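Input: a single structure, listed below in structure tokens.
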Number of protein chains: 2
Amino acid sequence: MRTEPSTAKGRATVQRVIDAACELFARQGVRATTLDQIGTRSGTGRGQLYLYFAGKSDLVAAVVAQQVERVLDAQRPLLETVSTAADVRAWCTAAEQWYGADDPVRCPIGSLVHELGEQDDAARAALADGFGRWRAVLAAAMDRVRQHDELAADLDPDAAAGALLAAYQGGVLLAGATGDLAALRTALAAFQATALVERSR
Amino acid sequence: MRTEPSTAKGRATVQRVIDAACELFARQGVRATTLDQIGTRSGTGRGQLYLYFAGKSDLVAAVVAQQVERVLDAQRPLLETVSTAADVRAWCTAAEQWYGADDPVRCPIGSLVHELGEQDDAARAALADGFGRWRAVLAAAMDRVRQHDELAADLDPDAAAGALLAAYQGGVLLAGATGDLAALRTALAAFQATALVERSR
DNA sequence: ATAAAAATGTACTGCGCGGTACAAACGAGG
DNA sequence: CCTCGTTTGTACCGCGCAGTACATTTTTAT
């Protein structure tokens with residue numbers, strides 16, 4: 001960020017720009033999105049971009065950070081209440097339904113991994129941090145499942161969180177490639193079938 | 001492919017071009033690779049590209065197909081002999097070691113998913129087909145494991161293959177994002193821990 | 001040996017997009 | 001109501017790269 005806006009109006013504009021960029025990046029990818037599109041979409045010209053951001057990579061870094069917040073915020077309410085195997089199943093079901101029939105199957109965070117330039121250090125760091133935090137939230141949830149004794153014995157919560165996140169990302173990747181959400185369902189179903197132990201109660 | 005080369009020399013050139021493109025795409029991505037680089041790397045100018053290929057997307061499609069063959073060929077010998085849980089573990093270990101310490105962690109196939117243009121239909125189809133075939137080979141292997149009764153009871157071989165592929169792709173994605181292969185190890189380890197049942201014999 | 005075809009190298013063109021400069025409009029103190 | 005800082009809109013520049021044209025060399029066939 002080159003210049004922090006000093007008025008409310010300026011801050012609102014910055015937010016609109018980031019929001020527009022988030023949407024466009026998620027839908028059509030980073031490199032396929034031009035600054036013109038972002039400027040138009042956000043209702044501002046391209047001029048503002050260079051007032052508030054040092055350039056495209058700077059904007060990308062800001063978007064990555066924002067996107068991470070969005071994804072985590074969206075999941076937190078659901079994830080923070082997870083404490084049983086059934087809750088995990090519910091999260092998996094919800095995850096499958098994030099993708100509608102018509103919009104492209106691409107995780108707003110995961111898809112960024114291969115789209116960031118090699119030298120976009122700030123963005124890459126933000127991305128890695130985002131995955132770390134996502135995993136931490138999942139791990140906390142898995143830990144509660146473990147306390148209910150509904151996590152497979154040979155998995156520790158941290159490993160389970162990593163595995164679930166990988167299954168999700170891999171599933172989304174395959175689903176995006178084949179255009180069929182079944183791949184995601186399969187990946188998550190396998191995790192549920194093997195990692196969770198339903199206790200009768 | 002615009003014109004099939006009719007001489008051995010021409011075919012050799014085409015192959016060199018595709019090989020060079022494979023390497024460059026795998027290392028630095030599709031969009032970051034220019035036709036100049038491919039022309040130079042393959043020892044031919046950019047002129048040839050347009051003699052044999054209709055344009056970049058055409059070349060990309062050819063590369064995708066080739067890349068799929070490479071990956072499958074590399075794994076076939078290992079995968080076709082898989083018939084026990086221990087063999088699956090061996091494959092997982094091998095998979096972790098495909099990535100050296102210095103080269104970037106990106107699956108030559110998986111990384112393409114988000115790099116292909118929205119309208120590169122031929123390439124996308126080749127990619128989807130590649131995943132399908134990869135999964136089929138894995139499923140055949142899982143079927144043999146099942147026959148040894150070393151696959152978890154609540155997984156059918158097809159689902160196990162999908163889950164393993166997703167775990168691998170997701171693991172590579174996370175490892176690439178964080179720069180730490182541990183993510184891949186965790187994902188594969190979780191699959192092994194929960195999907196495989198070691199029988200004493 | 002020679003003509004036709006195929007392969008190779010080079011130089012040029014156009015354009016999309018990131019980046020910059022600068023002019024116009026707005027808005028908050030004095 | 002004037003003034004200065006901030007915000008907004010526009011017009012321009014240059015570069016990198018995909019795509020094209022064409023001249024030159026090499027290979028194949030008769």
Side-chain angles (χ1 to χ4, degrees), chain A residues 1-21 24-25 27-64 115-123, chain B residues 1-21 24-25 27-64 115-123:
Chain A
M1 179 105 25
R2 208 177 62 150
T3 296
E4 211 70 34
S6 59
T7 76
K9 201 172 181 184
R11 273 185 296 273
T13 298
V14 167
Q15 194 55 48
R16 278 209 321 282
V17 168
I18 293 184
D19 286 346
L24 291 168
F25 287 175
R27 195 141 48 81
Q28 51 187 11
V30 175
R31 304 189 77 135
T33 301
T34 72
L35 297 183
D36 270 318
Q37 291 177 311
I38 298 175
T40 305
R41 175 97 173 205
S42 62
T44 76
R46 225 172 61 253
Q48 273 77 305
L49 301 189
Y50 290 97
L51 179 61
Y52 298 122
F53 301 96
K56 192 174 185 180
S57 8
D58 191 27
L59 207 180
V60 168
V63 168
V64 170
E115 297 201 275
L116 266 37
E118 204 62 50
Q119 71 292 356
D120 277 343
D121 289 332
Chain B
M1 179 104 26
R2 206 177 63 151
T3 296
E4 209 70 31
S6 59
T7 74
K9 200 171 180 184
R11 274 185 295 274
T13 299
V14 167
Q15 195 55 49
R16 279 209 319 282
V17 168
I18 294 184
D19 286 346
L24 290 168
F25 287 174
R27 195 142 48 82
Q28 52 187 18
V30 174
R31 304 189 79 135
T33 301
T34 72
L35 296 184
D36 270 319
Q37 292 177 309
I38 298 175
T40 304
R41 175 97 174 206
S42 62
T44 76
R46 223 171 62 253
Q48 271 79 305
L49 300 190
Y50 290 97
L51 179 61
Y52 299 122
F53 301 95
K56 190 174 186 180
S57 4
D58 191 27
L59 206 178
V60 167
V63 168
V64 170
E115 297 201 275
L116 267 36
E118 205 61 52
Q119 72 291 354
D120 277 342
D121 290 331

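Just so we're on the same page: letters track the sequence lines, and every chain starts at 1. Computed from a prediction, not measured in an experiment: that's the story for all the values here.
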Item to complete: Whole angstrom is fine here: how far is it from CG in B:D36 over to P in D:dC15?
Response: 16 Å

Worksheet item: Which is true for B:T13 with a 4.0 Å heavy-atom rule: it touches a base, it touches only sugar-phosphate, or it touches nothing?
Response: sugar-phosphate

Practice prompt. Could you tell me which non-hydrogen atom of A:R31 sits nearest to which non-hydrogen atom of B:A32, and how far apart they are?
Written response: NH1-CB, 4.1 Å

Discussion item. Just to be sure I understand the rule, does A:L35 reach a base, reach only the sugar-phosphate, or reach nothing, if contact means heavy atoms closer than 4.0 Å?
Written reply: sugar-phosphate

Fill in: Among A:V17, A:V14, A:D58, side-chain contact (heavy atoms from CB on, under 4.5 Å) partner for A:Y52
A:V14

Item to complete: Measure from CZ on B:R46 to P on D:dC22 and round the result to the nearest Å.
Response: 17 Å

Worksheet item: What is the distance from CG of A:L49 to C1' of D:dT10, rounded to the nearest Å?
Response: 14 Å

Item to complete: Determine the contact category for B:F53: base if any of its heavy atoms lies under 4.0 Å from a base atom, sugar-phosphate if only primed atoms, P, OP1 or OP2 are that close, otherwise nothing.
Response: nothing

Worksheet entry | Under 4.0 angstrom between B:T34 side-chain N/O and D:dG16 OP1 or OP2 | no

Worksheet item: Nearest-Å distance, CD (B:Q48) to C1' (D:dA18)?
Response: 16 Å

Practice prompt. Specify the closest pair of heavy atoms between B:I38 and B:A20, including all atoms of both residues, with the distance to one decimal.
Written response: O-CB, 4.2 Å

Worksheet item: Stepwise, does the side-chain contact (heavy atoms from CB on, under 4.5 Å) test hold for B:V64 with B:F25?
Response: CA-CA 10 Å; B:V64 170; B:F25 287 174; over 6 Å; no

Discussion item. How many whole angstroms separate atom CG of B:L51 from atom P of D:dT20?
Written reply: 13 Å

Worksheet item: For the residue pair B:K56 and B:T33, what are the closest heavy atoms and their distance?
Response: NZ-O, 2.9 Å

Fill in: From CA spacing to verdict: side-chain contact (heavy atoms from CB on, under 4.5 Å), A:F53, A:V63
CA-CA 11 Å; A:F53 301 96; A:V63 168; over 6 Å; no

Worksheet entry | Contact interval (first through last nucleotide) of DNA chain C with protein chain A, 4.0 Å heavy-atom | C:dC17 to C:dG27

Item to complete: Identify whether any heavy atom of A:G47 sits under 4.0 Å from a base atom; if not, whether one sits that close to sugar-phosphate; answer base, sugar-phosphate or nothing.
Response: base

Worksheet, complete the sentence: Per nearest nucleotide of DNA chain D, the residue lying toward the 5' end, B:A54 or B:T7, is B:A54

Practice prompt. Ignoring backbone atoms, test whether B:K9 places a side-chain nitrogen or oxygen under 4.0 Å from the OP1 or OP2 oxygen of D:dT27.
Written response: yes

Item to complete: Test side-chain contact (heavy atoms from CB on, under 4.5 Å) on B:R16 and B:D19 and set out the steps.
Response: CA-CA 5 Å; B:R16 279 209 319 282; B:D19 286 346; 5.6 Å; no

Fill in: Phosphate contact (D:dG9 OP1 or OP2) by A:Y50 side-chain N/O below 4.0 Å
no

